[in-house]
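What follows is a short report on a single structure.
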Amino acid sequence: MHDVVLTILPLLFGSFLAILAGWTRSALVYPLGVVALALSTGFCVKLLLGVLSTGTATYLLGGWSPPWGIVFVIDTFSAGMMLLISGSALLTYLAFRAEIIEGFAEKTAAFVALLLLTVAGHMGIVATGDLFNLYVLIEVAALSGYALLGYGSGRAPLASLNYLCVGSVGASLYLLGVGYLYILTGTLNMADLAQIMLAAPVTASLHGAVAVILFGLWVKMALFPFHGWLPGAYAMSSPVAAALLAPLTTKVMVYVVIRLLIGVIPGAAIPEALPDVAMLLGTAAIFAGSLMAYRQIDQRRMIAYILVAEVGYMVGGMFIGNRTAMTGAMLHIFADALMTLTLFLALGSIARQRGEMVLANMRGLFRTMPFTMAAFVLGAMSMIGVPPLFGFFSKWYLLSGALESGQYLFMVGLLVSSLVNVVLFFRIFETAFFDEPGESVRDIEHWSRVTPLAVAAVLLIVAGLSSGLIVDRLIAGIIPASLI
Amino acid sequence: MEDFLTQLTSKYNFWAYIVLMMVGLYAMIAKGNLIKKLIGLSIFQTAIMLFYVAIGSKAGATIPILRDHTLKGVIDFVEYINPLPHVLMLTAIVVSVATLGVALALVLRVYDVHQTLEEDEILEKIKNP
Amino acid sequence: MKKTALLAVILTGALLILSMENFPSWGDVQSPASLHLSRHFIEKSYEQTLTPNLVTAVLGDYRGFDTMLETVVVFTAALACFLVIRLPRDVCTPGLFYYRHTRTGLVVRKHDACELPGENPTFERVDSDWPPHDVVVVSTCRMVIPFIQLFGLYVVAHGHYSPGGGFQGGVIFAASYVLLAVSHDLRTLVHRLNERVTHLLSAAGVLLFFGVGLFGMAMGLNFLDYGALEGVLGMSLASGHSLGILLVEIGVGMTVTAALVIIFKLLSSRGTVTEGL
Amino acid sequence: MIETLVIFLCCAGMLLFLGGMIGILRLPDAYTRLHMAGMLDTLGLLILLLGLVLYGFLHAPMSLLVQFKILLLWGFVLVTSPTATHAMVDAGVRAGLTPWVQPDAKRRRK
């Protein structure tokens, strides 16, 4: 009965306890985080199984029924998202054990607490069925994210401050849009709102409300003209924060937009020009992201620019307006999160051994860190879209969806970005495979780092092979029948 | 023209918030000093709070605290203004204060690293260290 | 840059103005916003929660989860400031340090104090850039601070009947500590409320809120359902809700006080939490 | 009779506030402006609040608590406002701000 909320409560509870423990028994802090994340992941699995067998789960917080109180609504897709978020956070947390314990000295407790809070925030965003609650959760997730990304020397604080300004504007615009909808309908609950909006007259204000909400979320998800904060924030920060947040933040925002599009906002309320603008921005994001990724020297920055292109995939996919493309966009959320996780985990391990992540520092890695590089290759292949891996299937859905609707420019974008990814990653493979490692290089692969990475990489293959199952069980039931 | 005037007089609350919000947005985009950008952000968020609080108003109604004499009888919803936007804005105010606190902390760190708060000077220092 | 900014701002403003065409006019009693949810809140919340202040009732009870997250946001902000700007304790703090001989009033200046003398009875530390010890200010603030704190407690506790609640009361309470730091110096504040205490207090406040929610779950109801407090001390359902709101507001007050003091200490001392302002 | 007194007190309070405001805008340096703000606002508030107390006493004699609270408010402001002014002047002196002197007086001193 309490499964829905029990996925989030261990994280919140763990973060408060981490602070208490940090000032009394600091050795307990790291295990506390492991327990909290593991409990959360366990409950996510239980919730997913429950939702798969009994259908959508609803939880009334405070016991007040929907329009008056706040509810959590979990369907199969969001249960999958919850599992993805908590699972990837757990893997990151386990893989970066050494950094978390040593790297923050007296601040480990604060770091762990913030990490748990940001994961809780992201999971809450997925779970909540209330528009305003969503805003608060976005801020919980973002605020702790700013701190995690801003910790560090050099340009990290500036990049994080930049992210904070852009992110706050995005969230504020979302809040404004919610206010518009509240004026027009008098409610904040998503299901209630969907019903009222179906009957409400379609006016300029309704269009304005939808446009402002989507605009705010686009800013938050780093869609092309608003992507400026993303590469800096992920490339400058500590590897833990980047590996934790890169798979989550943009994907969760994409999830919110998809949820609003298919569950709340009726088609008539979307301004006519908006899908075209979205397609344009999505395609531009793909081209610009790939182009700028090509010019980067720092490898984390390069992958961050690829992320910008990936956001373009998903935004394009959801606004193409047919079932296949929407399925592709939803599947790509999972695929992109897993690929990013694998790549950032591998880069984190490499950065621990080799320092700065430039191409010259990656010589001979295949010889000294074979397992890490194997996982990196799998992640990169999936980014490129090589068949048995997860990334191929979501891209396939996106491509065939675009073909159905005749969005040829978008298709070209997808292919070009795949080609650019080939060039980018093979550049790395070449350096890492053929060049000799330096004399003084002594790389260590510890099992505690390799295991989470291997799990993520194997998941890429497993999920790729079972992507038909994922589409059938998790995604197909969620897309409304009206979308053909 | 007359239509415009009625719009202006009956919905001046929305005009006020839009003007205030645009002032904040302009400060965020055009000002070079990081602190001024943050002031712009605060103005931007305050404008949204103003907008919400204005939704709650009702002509001829009083603050949403029940008076003694209505506690026992029937409560007429016309007598009290709408409490929900106030609740929401209490949350939003707290959030914006928290954001400002974190932003100022980051600004302190930025100043420690770059020894200036002017954006163009920081960019200059990054390019030619 | 400025012209582009101006153009963008004007365009956005124009679009926003165009989109307010169908909004109800100012103070409209029949607008959807004042009918659907808020009508229910105004008419039903007193009998359900026994709280005349509708804002408190909605904030603490109907949207209690929002309020909990809001408290978490404040808690997060304190942690974030701590993580970002707190300097490690063992780092040698560069700069000038002043020590005053307590008997003679002689002030000694020391460069780059790596080893700060501990509790030395003959010398006391003086702030280098803010030595306010002004007798008028100090004695007035000493007189005023208890009243401010009393008022803060009143605002927390009286939130059911008048404007107020945990956030407002917590801010007032924190303001009294800020006044202490302004009128005396930061070390006086740190002496009264050291870092450990403030951090533990901020976590304890959120935990109190959380505990009330978990109590609901333990009694077989949903998370944050204050109906679980029914029967405690022989209370009715509605007064159980009222008590729940009060407990929650106390938790919020603790967290807000502690978090604001933490943020103030860190920002004013630039992360050293020894001297500043 | 008392009504007239109330009106007189309120108007006098407002007038003092007005004077304080003009002073803040027009006087030459920080110290004189603070002087204007501190002096006139404190006195103006005292007179204004006295007027309000009388008014409340006249129209709602049962709510003595409110009148008492208003008087408490006055006491509070009477203590804190000059302290704040004092602290600011103090800070100004410490920051090295020299007070404004009339130009010909300066010349005479030379």
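Reminder, nothing fancy here: chain letters follow the sequence lines and each chain counts from 1.
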Minimum heavy-atom separation for C/L83 to A/Y151, with atom names? O-CD1, 3.1 Å
How long is the span from the CG atom in A/N189 to the CG atom in C/L37, to the nearest 0.5 Å? 8.5 Å
Looking only at C/T12, C/L69, C/V58, the option with the highest number of non-hydrogen pairs under 4.5 Å against chain A is C/L69
Could you tell me which non-hydrogen atom of A/Y59 sits nearest to which non-hydrogen atom of C/N222, and how far apart they are? OH-CA, 3.4 Å
Might you work through the side chain to side chain contact (heavy atoms under 4.5 Å, CB included) test for A/W68 and C/K44, ending with a clear yes or no? CA-CA 11 Å; A/W68 326 123; C/K44 290 287 186 312; over 6 Å; no
Which heavy atom of C/R196 sits nearest a heavy atom of A/T24, and at what distance? NH2-CG2, 3.9 Å
So, the part of A/W64 with a heavy atom under 4.5 Å from chain C: the answer is side chain
Look at A/F132, A/F111, A/Y135 and state which one has the largest set of heavy-atom pairs under 4.5 Å with chain C. A/F132
A/T187 versus C/H36, closest heavy-atom pair with distance: CB-CD2, 3.5 Å
Apply the test side chain to side chain contact (heavy atoms under 4.5 Å, CB included) to residues A/L20 and C/L207: give CA-CA distance (whole Å), side-chain angles for both, the deciding distance (0.1 Å), then the verdict. CA-CA 10 Å; A/L20 292 186; C/L207 270 174; 3.3 Å; yes
Top contributor to chain C contacts, counting heavy-atom pairs under 4.5 Å, from A/P67, A/G208, A/G69: A/P67
So CD1 of A/I183 and CZ of C/F23: to nearest 0.5 Å the spacing works out to 4.5 Å
Side-chain (A/S205) to main-chain (C/S19) donor-acceptor, under 3.5 angstrom: yes
What part of A/I196 gets closer than 4.5 Å to chain C, counting heavy atoms only: side chain, backbone, both or neither? side chain
Segment of C/Y62 engaging chain A (4.5 angstrom heavy-atom cut-off): both
First locate atom OG1 of C/T76, then atom CG of A/L117, and finally report the distance between them rounded to the nearest 0.5 Å. 4.5 Å
C/L79 to A/A113 - nearest heavy-atom pair and separation: CD1-CB, 3.6 Å
Using non-hydrogen atoms only, which part of C/L200 is less than 4.5 Å away from chain A: side chain, backbone, both, or neither? both
Compare every heavy atom of A/A110 with every heavy atom of C/F82, then report the nearest pair and how far apart it is. CD2-CB, 3.7 Å
Proximity breakdown for C/S31 and chain A, heavy-atom pairs closer than 4.5 Å: neither
Decide yes or no on side chain to side chain contact (heavy atoms under 4.5 Å, CB included) for C/F223 and A/L6, but give the supporting numbers first. CA-CA 9 Å; C/F223 184 65; A/L6 276 177; over 6 Å; no
So which part of A/S144 gets closer than 4.5 Å to some heavy atom of chain C, the side chain, the backbone, both or neither? both
Side chain, backbone, both or neither: which part of A/Y146 has a non-hydrogen atom closer than 4.5 Å to chain C? neither
Best-contacting candidate, C/G227, C/A33, C/G216, against chain A by heavy atom pairs under 4.5 angstrom: C/A33
Engaged part of A/L61 at the chain C interface, taking heavy atoms whose separation is under 4.5 Å: both
Heavy-atom distance under 4.5 Å to chain A: side chain of C/L16, backbone, both or neither? both
Option in C/V72, C/V84, C/D61, C/L35 with maximal non-hydrogen atom pairs under 4.5 Å from chain A: C/D61
So which residue, C/M20, C/H40, C/H199, C/M68, ends up with the most heavy-atom pairs under 4.5 Å with chain A? C/H40
Is there a side chain to side chain contact (heavy atoms under 4.5 Å, CB included) between A/I19 and C/F75? Walk through the geometry before answering. CA-CA 10 Å; A/I19 293 302; C/F75 175 70; 3.6 Å; yes
Option in A/F215, A/F104, A/Y180 with maximal non-hydrogen atom pairs under 4.5 Å from chain C: A/Y180
Side chains of C/N22 and A/L206, heavy atoms from C-beta outward: is any pair under 4.5 Å? no
Given heavy-atom pairs under 4.5 angstrom as the criterion, report whether the side chain, backbone, both or neither of C/R86 touches chain A. both
If you count heavy-atom pairs under 4.5 Å between each of A/S160, A/A120, A/G150, A/G186 and chain C, which one has the most? A/G186
Under 4.5 Å from a heavy atom of chain C, the part of A/L176 involved: side chain
Side chain, backbone, both or neither of A/V5 within contact of chain C (heavy atoms, under 4.5 Å): side chain
So does A/F226 have more than 12 non-hydrogen atoms from other groups sitting under 6.0 Å from CZ? yes
So what's closer than 4.5 Å to chain C heavy atoms on A/D130: side chain, backbone, both or neither? side chain
Please rank C/I85, C/D225, C/L224 by heavy-atom pairs under 4.5 Å with chain A and give me the top one. C/D225
Go through C/E195, C/R39, C/E70 and name the one with the most non-hydrogen pairs under 4.5 angstrom from chain A. C/E195
